[in-house]
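Have a look at the structure below, then the notes.
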Amino acid sequence: MKYISTRNKDIRVSSAQAISQGISKDGGLFVPEEIPTLSTADFDYLKNVDYIERAAFVLKKYLTDFTEEEIYACVRGAYTGSFDNEIPAPIVKTKNGVNILELWHGPTCAFKDLALQLLPYLLTTSAKKVSGGKEIVILVATSGDTGKAALEGFCDVENTKIIVFYPSDGVSAMQKLQMDTQKGENVCVCAINGNFDDAQTGVKNIFTNNDTAKILENNNMQFSSANSINWGRLVPQIVYYVSAYCDLLANGEDLSNGFNVVVPTGNFGNILAAYYAKMMGVPVNKLICASNANNVLTDFINTGVYDRNRKFFTTISPSMDILISSNLERMLFELCGRDDKLVANLQSELSKNGKYKVNDEIHEKFVGLFFGGCCDDSATKETIGKYFANQGYLSDTHTAVALNVYDKYVESTGDTRTTVVASTASPYKFAASVLEALGEDLAGSEFETVKKLSLKTATEIPAPLAALENAVPRFKNLVEKQDMTAFVLKTLGI
């Protein structure tokens with residue numbers, strides 16, 4: 001299978017090249033030439049095997065230039081000993097019958113672990129095939145969770161360096177502590193004066209700057225990405241939606257009318273993975289896209305106009321504080337009949353004017369597939385309190401956005417079919433907001449607040465977060481967004 005750019009279908013590369021490169025040189029994102037499918041017999045097999053087998057089965061469909069031995073080495077390395085009870089993506093059912101797909105039982109307590117425990121294996125395997133011994137420099141822009149998960153995944157991985165940028169005032173206290181205390185000789189963390197979109201734009205600009213690329217080339221280095229612009233980040237996310245369907249089958253759920261998927265998302269990667277799972281044969285009915293006050297995706301789904309020229313809100317669900325949803329480009333590519341010129345023009349409009357409008361045909365396709373909804377911080381907190389009191393389920397501030405939008409969807413449509421809600425982070429990563437949502441006053445320090453939340457809810461503090469209590473920050477870097485390139489080159493010593 002070859003991979004093509006969303007902005008130029010004439011660019012065709014192997015999966016190893018797509019993963020090691022991260023982003024196409026024209027600024028487009030790599031997508032598979034065709035989406036592979038799974039049969040009824042495949043699902044009958046997959047429902048009776050563990051997550052490692054499921055991951056290997058799906059990856060073999062996409063990474064055809066990897067040997068079977070390489071794929072198994074990657075998935076076993078990623079998913080053995082890294083997740084609670086050796087179950088990376090368990091489903092928990094609420095009292096009212098909603099299936100919560102908990103994706104935060106890994107080493108950093110966020111859904112990014114499902115991909116970023118695997119990506120280092122995929123990337124190093126890919127680099128051996130195509131990069132000619134170059135050192136891989138991973139650049140990451142994060143709104144909170146990707147950064148720590150990438151740092152953890154790439155910590156001391158041979159022949160790699162990783163530099164993570166995050167908005168100085170745009171992550172939770174726990175997320176910041178997780179990143180700034182990261183161990184490893186090959187890691188670096190830097191805050192920027194700006195928001196996530198500034199960080200993401202800065203990283204993309206570094207990637208596509210020919211002069212910077214030449215400097216790295218002269219030093220036997222090559223950039224790659226751990227953000228979901230990298231296909232190697234996205235394909236592991238497809239796996240957990242396939243796995244969720246298999247678990248529903250094994251649990252005897254009524255799937256005669258398919259099932260809905262609800263995803264809290266800012267960059268569109270997590271819900272895009274659910275779309276690809278649907279295209280593979282998973283009977284997803286409606287993709288319910290949940291946003292916080294930064295509701296650019298909700299407005300786009302409802303109007304066909306994508307407009308980032310709006311007020312940016314810093315919310316209690318910071319991983320969704322995004323106005324430029326990079327992975328929407330892949331979705332546009334699929335729904336416009338893979339018209340690369342149209343996608344390139346739309347992205348050019350977005351870059352120049354901060355907005356674009358799709359035609360009625362494309363918009364109708366979006367509306368057919370997606371339901372868009374949003375809620376503000378007040379409604380998010382109300383939902384946390386309601387679900388804990390009525391359903392006995394404690395959610396973080398991002399999952400609560402999904403639950404709130406799901407309730408709105410049911411109220412407006414009457415559609416009560418089987419539903420899976422992607423739960424993206426442990427509530428303890430946002431302990432202060434969750435505790436306030438439960439009507440409690442905050443304790444003194446971050447960890448006193450964490451302990452109070454544990455006592456209040458009779459739930460256990462995740463071990464990776466508890467271990468941070470006495471950790472000392474290593475990194476105290478802060479730069480302006482226009483100085484990101486200089487910081488990268490200085491960090492690399494070139």
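We use all heavy atoms of the structure for the numbers below, so side chains are in, but hydrogens, waters and symmetry mates are not.
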Flag side-chain contact, heavy atom, 4.5 Å: [X] against [Y]:
X: Ser224; Y: Asn230; result: yes
X: Arg308; Y: Asp197; result: no
X: Lys452; Y: Asp441; result: yes

Might you point out which heavy atoms bring [X] and [Y] nearest each other, and give the distance in Å?
X: Leu287; Y: Ala274; value: CD2-CB, 3.6 Å
X: Gly147; Y: Val164; value: CA-CG1, 3.8 Å
X: Ile192; Y: Ala199; value: CD1-N, 3.5 Å
X: Ile19; Y: Leu123; value: O-CD1, 3.4 Å
X: Asn96; Y: Gln391; value: N-OE1, 2.8 Å
X: Asn404; Y: Cys375; value: OD1-CB, 3.3 Å

Distance check, rounded to the nearest 0.5 Å: [X] atom [atom1] versus [Y] atom [atom2]?
X: Leu119; Y: Ser225; atom1: CG; atom2: OG; answer: 8.0 Å
X: Thr142; Y: Asn227; atom1: OG1; atom2: CG; answer: 7.5 Å
X: Glu361; Y: Cys336; atom1: CD; atom2: SG; answer: 9.5 Å
X: Leu342; Y: Leu346; atom1: CG; atom2: CG; answer: 4.5 Å
X: Leu369; Y: Tyr275; atom1: CG; atom2: OH; answer: 6.5 Å

Counting only heavy atoms not in [X], do more than 12 fall under 6.0 Å of its [atom1]?
X: Asn353; atom1: CG; value: yes
X: Lys481; atom1: NZ; value: no
X: Asp360; atom1: CG; value: no

Do [X] and [Y] have a side chain donor and acceptor closer than 3.5 Å?
X: Gln175; Y: Lys148; result: no
X: Asn8; Y: Ser5; result: no
X: Ser378; Y: Asp376; result: no
X: Asn209; Y: Thr212; result: yes
X: Glu152; Y: Thr108; result: no
X: Arg330; Y: Asn327; result: yes
X: Asn186; Y: Thr160; result: yes
X: Lys204; Y: Ser326; result: yes
X: Tyr393; Y: Thr399; result: no
X: Asp321; Y: Asn292; result: yes

Applying side-chain hydrogen bond (donor to acceptor under 3.5 Å, both in side chains), name anything that partners [X], two or more places apart in sequence or on another chain.
X: His363; answer: none
X: Thr397; answer: none
X: Thr459; answer: Tyr428, Thr457
X: Asn359; answer: none

Next on the checklist: Please enumerate all residues that pass ring-ring contact (aromatic ring centres under 6.0 Å, His included) together with Phe207, with sequence neighbours excluded.
Outcome noted: Phe223
Not counting sequence neighbours, which residues clear salt bridge (charged side-chain N to carboxylate O under 4.0 Å, His left out) with [X]? List them please.
X: Asp339; answer: none
X: Glu436; answer: Lys381
X: Lys456; answer: Glu440
X: Asp407; answer: Lys386

Next on the checklist: Would Leu297 and Phe370 count as a side-chain contact (heavy atoms from CB on, under 4.5 Å) here? Give the steps.
Outcome noted: CA-CA 10 Å; Leu297 286 170; Phe370 294 92; over 6 Å; no
Next on the checklist: Could you go through Tyr166 and Lys176, starting from their C-alpha distance and side-chain angles, then the distance that decides it, and tell me whether this counts as side-chain contact (heavy atoms from CB on, under 4.5 Å)?
Outcome noted: CA-CA 9 Å; Tyr166 69 86; Lys176 183 175 183 178; 3.3 Å; yes
Run the side chain to side chain contact (heavy atoms under 4.5 Å, CB included) test against [X] and tell me which residues pass, sequence neighbours left out.
X: Lys286; answer: Asn260, Ile288, Phe371, Tyr409
X: Ala89; answer: Tyr51, Leu101, Leu103, Tyr240
X: Leu468; answer: Met174, Leu177, Gln178, Thr181, Phe447, Leu465, Ala471

Checklist entry - Below 4.0 angstrom, N of the basic side chain to O of the carboxylate: do Lys451 and Glu469 qualify? => result yes
Next on the checklist: Regarding Arg7 and Glu329, does a basic nitrogen lie under 4.0 Å from an acidic carboxylate oxygen?
Outcome noted: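 Counted as a salt bridge, because a side-chain N and a carboxylate O are separated by less than 4.0 Å.
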Checklist entry - Using 30° and 60° as the class limits, which term best fits the ring planes of Phe366 and Phe300: parallel, tilted or perpendicular? => result perpendicular
Under a 3.5 Å distance rule, please check whether [X] uses its side chain to pair with a backbone N or O of [Y] as donor and acceptor.
X: Asp26; Y: Gly28; result: yes
X: Asn477; Y: Val479; result: no
X: His398; Y: Ser319; result: yes

Checklist entry - Asp299 and salt bridge (Lys or Arg N to Asp or Glu O under 4.0 Å): which partner among Arg310, Lys355, Lys357? => result Arg310
Checklist outcome for this item: Tested for side-chain contact (heavy atoms from CB on, under 4.5 Å) against Val421, the lone hit among Val92, Val98, Ile91 is Val98
Next on the checklist: Run the ring-ring contact (aromatic ring centres under 6.0 Å, His included) test on Phe430 and Trp104 for me, step by step, so that the C-alpha distance in whole Å, both residues' side-chain angles and the decisive distance to 0.1 Å come before the verdict.
Outcome noted: CA-CA 13 Å; Phe430 310 94; Trp104 42 265; over 10 Å; no
Checklist entry - Between Thr315 and Met320, is a side-chain contact (heavy atoms from CB on, under 4.5 Å) present by the stated rule, with each step listed? => result CA-CA 8 Å; Thr315 74; Met320 299 159 67; 6.0 Å; no
